[in-house]
Amino acid sequence: MTTNQNLLNALLRHAVEVPDAPFLVVPGGRVWTYGDVVRLSARLADRLAASGARQGERVAVQVEKSPEAVALYLACLRLGAIYLPLNPAYRSAEVGYFLADAEPAVMVCDPARRREIGELARPGCCILTLDADGGGSLLTNAGEACGELPIAVCADDDVAAILYTSGTTGRSKGAMLTHGNLRSNAETLVDVWGMRTDDVLIHALPLYHVHGLFVALHCTMLAGARAIFLSRFDAAEVVRLLPRATILMGVPTFYSRLLGEPGLDVAACRSMRLFISGSAPLSAEIFHAFHQRTGHAILERYGMTEAGMICSNPLHGERVAGTVGYPLPGVEVRVVGDDGRQLPDGEVGSLEVRGPNVFAGYWRMPEKTAAEFRPDGFFVTGDLARRFPDGRIELVGRSKDLIISGGLNVYPKEVELALDRLEGIAESAVVGVPHPDFGEAVVAAVVRAPGGEGLTEEQVRTRLRSDLAGYKVPKRIAFVDALPRNAMGKVQKNLLRQHLARLV
Ligand code: MLC
Ligand code: AMP
């Protein structure tokens with residue numbers, strides 16, 4: 001007899017035993033018990049099924065963060081449908097690509113964007129709406145769960161979610177994450193971070209990325225813990241809530257902004273046991289300043305969309321600033337040279353990972369998938385690292401041309417293509433430069449085309465906003481006569497980085 005490996009079974013273990021336990025606590029609002037969320041998700045599963053979402057079909061979701069959105073995710077798992085979350089900041093051109101590539105059976109969007117999305121979706125895709133307060137056609141027309149659809153039978157290697165990660169060529173790739181990937185990673189994290197029923201996690205991350213959706217939410221559910229559920233990160237509010245919490249998960253920008261709050265001190269952190277940071281490098285400066293102010297050593301961990309969490313500093317034992325700790329149990333990590341051979345400890349090379357956490361491949365891109373895996377199953381992360389003799393890993397850079405701004409990835413090529421399409425621009429180059437708030441900031445150098453003499457920085461930024469999500473729009477744009485190129489004609493991005501760093 002085969003058992004049902006649907007991730008939802010694991011996530012609901014606690015909910016079934018203690019349905020009245022609080023799960024999502026909205027400050028100044030409702031306390032959602034595990035039972036509340038499960039009942040709503042069962043209703044939503046009925047609604048999605050009636051709208052055409054079947055096992056293996058994609059359900060694209062571009063909505064604001066809310067408890068209802070959590071229930072929607074669980075509803076997709078119940079159906080065995082593939083959940084495809086999208087950042088609400090994505091503009092039409094960006095969403096259009098995802099819809100064409102993933103061909104979802106159902107799309108759930110904000111009511112305010114119903115018409116726009118309707119024009120992008122292929123015929124036959126059912127469009128439902130959900131707003132930040134739970135309004136919209138998804139819930140209004142969802143009856144009481146009549147059939148209580150059973151949890152779809154899934155194998156470990158069935159795909160549970162597709163998360164798009166931008167491609168270096170400007171084309172995004174859909175990373176297929178399986179039920180087995182997500183369950184094994186979350187179970188490991190609950191174990192290594194010692195998560196318990198009495199933990200209270202401040203959930204201030206967005207729900208459309210690995211960090212907020214899989215790490216924070218799955219760990220909370222598997223542990224049977226509760227989450228103080230915030231629609232977005234607000235440093236002052238988080239400081240106010242710290243005395244009611246035990247865990248915070250965030251990107252480094254959370255921590256630099258918390259340090260800017262006068263109320264952050266030892267007393268405010270009296271109930272806290274763990275501050276976790278990831279998605280981007282945490283500077284040693286922030287690590288030490290936070291330790292000094294609160295007495296807490298932030299636990300830095302490392303992960304990526306394609307592999308979930310890979311390394312973590314220890315719960316017990318020394319957390320070393322600037323390192324991401326040890327590979328998680330069951331996860332193999334190696335540092336290799338250009339020839340693919342493992343390097344001796346201390347030498348910098350390309351980081352590769354293998355384990356039950358590593359994704360099943362890129363959606364409908366077999367060649368791209370094959371190119372990023374070694375024959376022995378290791379996935380090439382695109383990160384550069386060194387290993388210490390005790391097994392600790394230090395990330396030292398990236399071989400992929402990627403900017404991480406406030407924990408959000410921006411591929412320069414995508415921004416360059418958008419810039420080059422604008423009238424009055426001949427060519428452009430986009431780089432990341434150090435930024436006190438976002439860690440890295442996107443900046444651009446632009447060469448005007450004939451007719452573009454009067455173009456201003458603000459005009460370019462405004463025009464870009466109609467094609468690109470706001471976080472991808474360069475914070476500063478410099479007009480230059482020519483891009484610096486080497487003898488081969490390649491743009492010298494290092495020179496540009498030095499030159500443009502002064503702008504922010
Ligand atoms: C918002 N803006 C940003 C930005 N976020 N600009 C650059 N980088 C960012 N990250 C811009 C908006 O476009 C807008 O500009 C202005 O800032 C205000 O928008 P906002 O929404 O009010 O911003 P704010 O609430 O301050 O958001 C900042 C933030 C947020 C850092 C709190 O970006 C955030 O929550 N980041 C976390 C992302 C995350 O979850 N990453 C995990 C990926 S998973 P304008 O000009 O448009 O008005 C992963 C794997 C792993 O990496 O290891 O975890
Ligand atoms: P994403 O594709 O959005 O999942 O981003 C994954 C990338 O974020 C990784 O490949 C790393 O480059 C980066 N990243 C995640 N965690 C850390 C960390 N703790 N330190 C440095 N970089 C990190």
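All residue numbers refer to positions in the sequence shown, counting from 1. Being a predicted model, the structure only gives us computed values, none of them experimental.
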Hey, can you pull the donor-acceptor pairs under 3.5 Å for the side chains in residues 227-234, sequence neighbours left out?
{"from": "D234", "atom 1": "OD1", "to": "A236", "atom 2": "N", "distance (Å)": "3.0"}
{"from": "D234", "atom 1": "OD1", "to": "E237", "atom 2": "N", "distance (Å)": "3.1"}

Is there a donor-acceptor contact under 3.5 Å from the side chain of S405 to the main chain of F438?
no

Would you please classify the geometry between the F290 ring and the F275 ring as parallel, tilted or perpendicular, with 30° and 60° separating the classes?
perpendicular

Quick check against the 3.5 Å criterion: does R257 have a side-chain atom that pairs as donor or acceptor with the backbone of A235?
no

Is a side-chain donor or acceptor of R497 paired with a backbone partner of V431 at a separation under 3.5 angstrom?
no

Can you tell me how far apart OG (S172) and CG (D101) are? Round to the nearest 0.5 Å.
8.5 Å

May I ask you to decide if L149's main-chain N or O and R78's side chain share a donor-acceptor pair within less than 3.5 Å?
yes

Closest non-hydrogen atom pair between A385 and I393, with its separation:
CB-CG2, 4.0 Å

Within the side chain of T381, is there an N or O that forms a donor-acceptor pair under 3.5 Å with the backbone of L351?
yes

When you compare the side chain of V358 with that of N181, does any pair of heavy atoms fall below 4.5 Å?
no

Counting distance only, does the side-chain N/O of D467 pair as donor-acceptor with the main-chain N or O of R91 below 3.5 Å?
no

Could you tell me whether E440 and R398 make a salt bridge, using a distance below 4.0 angstrom between a side-chain N and a carboxylate O?
yes

Going by distance alone, is a donor N or O of one side chain under 3.5 Å from an acceptor N or O of the other, for Y208 and Q62?
no

Do you know which two heavy atoms are closest between A478 and L500, and how far apart they sit?
CB-CD2, 3.7 Å

Candidate pair M249 and L201, rule side chain to side chain contact (heavy atoms under 4.5 Å, CB included), full reasoning:
CA-CA 8 Å; M249 291 184 187; L201 176 139; 3.6 Å; yes

Would you find more than 12 non-hydrogen atoms of other residues, nucleotides or ligands less than 6.0 Å from N486 atom CG?
yes

CA sep, side-chain torsions, deciding dist, call: I477, L503, side chain to side chain contact (heavy atoms under 4.5 Å, CB included)
CA-CA 9 Å; I477 295 169; L503 291 180; over 6 Å; no

Taken in chain and number order and not counting sequence neighbours, the residues that satisfy salt bridge (Lys or Arg N to Asp or Glu O under 4.0 Å) with E352 are R334, R374

State, yes or no, whether a side-chain contact exists between R244 and V25 at a heavy-atom distance under 4.5 Å.
yes

Tell me if a side-chain donor or acceptor on E414 pairs with a main-chain N or O of Y411 at a distance below 3.5 Å.
no

Side-chain donor-acceptor pairs under 3.5 Å in residues 49-57, sequence neighbours left out?
{"from": "S51", "atom 1": "OG", "to": "R47", "atom 2": "O", "distance (Å)": "2.7"}
{"from": "R54", "atom 1": "NH1", "to": "A49", "atom 2": "O", "distance (Å)": "3.3"}
{"from": "Q55", "atom 1": "NE2", "to": "V153", "atom 2": "O", "distance (Å)": "2.9"}

Between D157 and T178, does a side-chain hydrogen bond (donor to acceptor under 3.5 Å, both in side chains) hold up when you go through it step by step?
CA-CA 5 Å; D157 55 4; T178 67; over 6 Å; no

Would you say N6's side chain and L77's backbone share a donor-acceptor pair under 3.5 angstrom?
yes

Compare every heavy atom of N185 with every heavy atom of M309, then report the nearest pair and how far apart it is.
N-OD1, 2.8 Å

I'd like to know if the side chain of E261 reaches the main chain of V239, judged simply by a donor and an acceptor atom lying under 3.5 Å from each other, with no hydrogens or angles considered.
no

Where do L455 and R463 land on the side chain to side chain contact (heavy atoms under 4.5 Å, CB included) test, with the steps shown first?
CA-CA 11 Å; L455 207 55; R463 288 185 203 167; 3.6 Å; yes

Sorted by chain and number, sequence neighbours left out, side-chain hydrogen bond (donor to acceptor under 3.5 Å, both in side chains) with E103 holds for R364

Can you tell whether the side chains of R461 and E458 come within less than 4.0 Å, N to carboxylate O?
yes

E457 and R476 ion-paired at < 4.0 Å
yes

Evaluate the side-chain proximity of L120 to S92: yes if any heavy-atom separation is below 4.5 Å, no if none is.
yes

Before we go on, tell me: are the rings of F98 and Y90 under 6.0 Å apart, centre to centre?
yes

Any salt bridge linking E372 with K400? Criterion: basic side-chain nitrogen under 4.0 Å from a carboxylate oxygen.
no

On the six-membered ring of Y362, is K368 placed so that its NZ or CZ lies under 6.0 angstrom from the centre and within 45° of the ring axis?
no

Taking only residues two or more places apart in sequence or in another chain, which ones pass side-chain hydrogen bond (donor to acceptor under 3.5 Å, both in side chains) with E300?
none

Nearest heavy atoms of L130 and S66, plus distance in Å
CD2-OG, 4.5 Å

In this structure, CG of L79 is separated from CG of L74 (nearest 0.5 Å) by 11.5 Å

Run the ring-ring contact (aromatic ring centres under 6.0 Å, His included) test on F359 and F373 for me, step by step, so that the C-alpha distance in whole Å, both residues' side-chain angles and the decisive distance to 0.1 Å come before the verdict.
CA-CA 11 Å; F359 74 136; F373 277 92; 5.6 Å; yes

L248 and L258: CA distance, side-chain angles, deciding distance, side chain to side chain contact (heavy atoms under 4.5 Å, CB included) verdict
CA-CA 11 Å; L248 174 71; L258 286 174; 3.7 Å; yes

How about CZ on R122, more than 12 heavy atoms from neighbouring residues, nucleotides or ligands closer than 6.0 Å, or not?
yes

Who pairs with R301 by side-chain hydrogen bond (donor to acceptor under 3.5 Å, both in side chains), at least two apart in sequence or on another chain?
H211

Minimum heavy-atom distance between C219 and A186, given as atom pair plus value
SG-O, 4.3 Å

Partner of P111 under side chain to side chain contact (heavy atoms under 4.5 Å, CB included), picked from L128, V63, D131, is D131

Looking only at heavy atoms, which two atoms of I298 and I276 are closest? And how far apart?
CG2-C, 4.3 Å

Given P252, which partner from the list S277, P281, S283 fulfils the side chain to side chain contact (heavy atoms under 4.5 Å, CB included) test?
S277

Separation of T305 OG1 from Y164 OH (nearest 0.5 Å):
13.0 Å

Tell me whether the count of non-hydrogen atoms from other residues, nucleotides or ligands lying under 6.0 Å of CD in E116 goes above 12.
yes

For G212, does its backbone N or O pair with a side-chain atom of H203 as donor and acceptor, under 3.5 Å?
yes

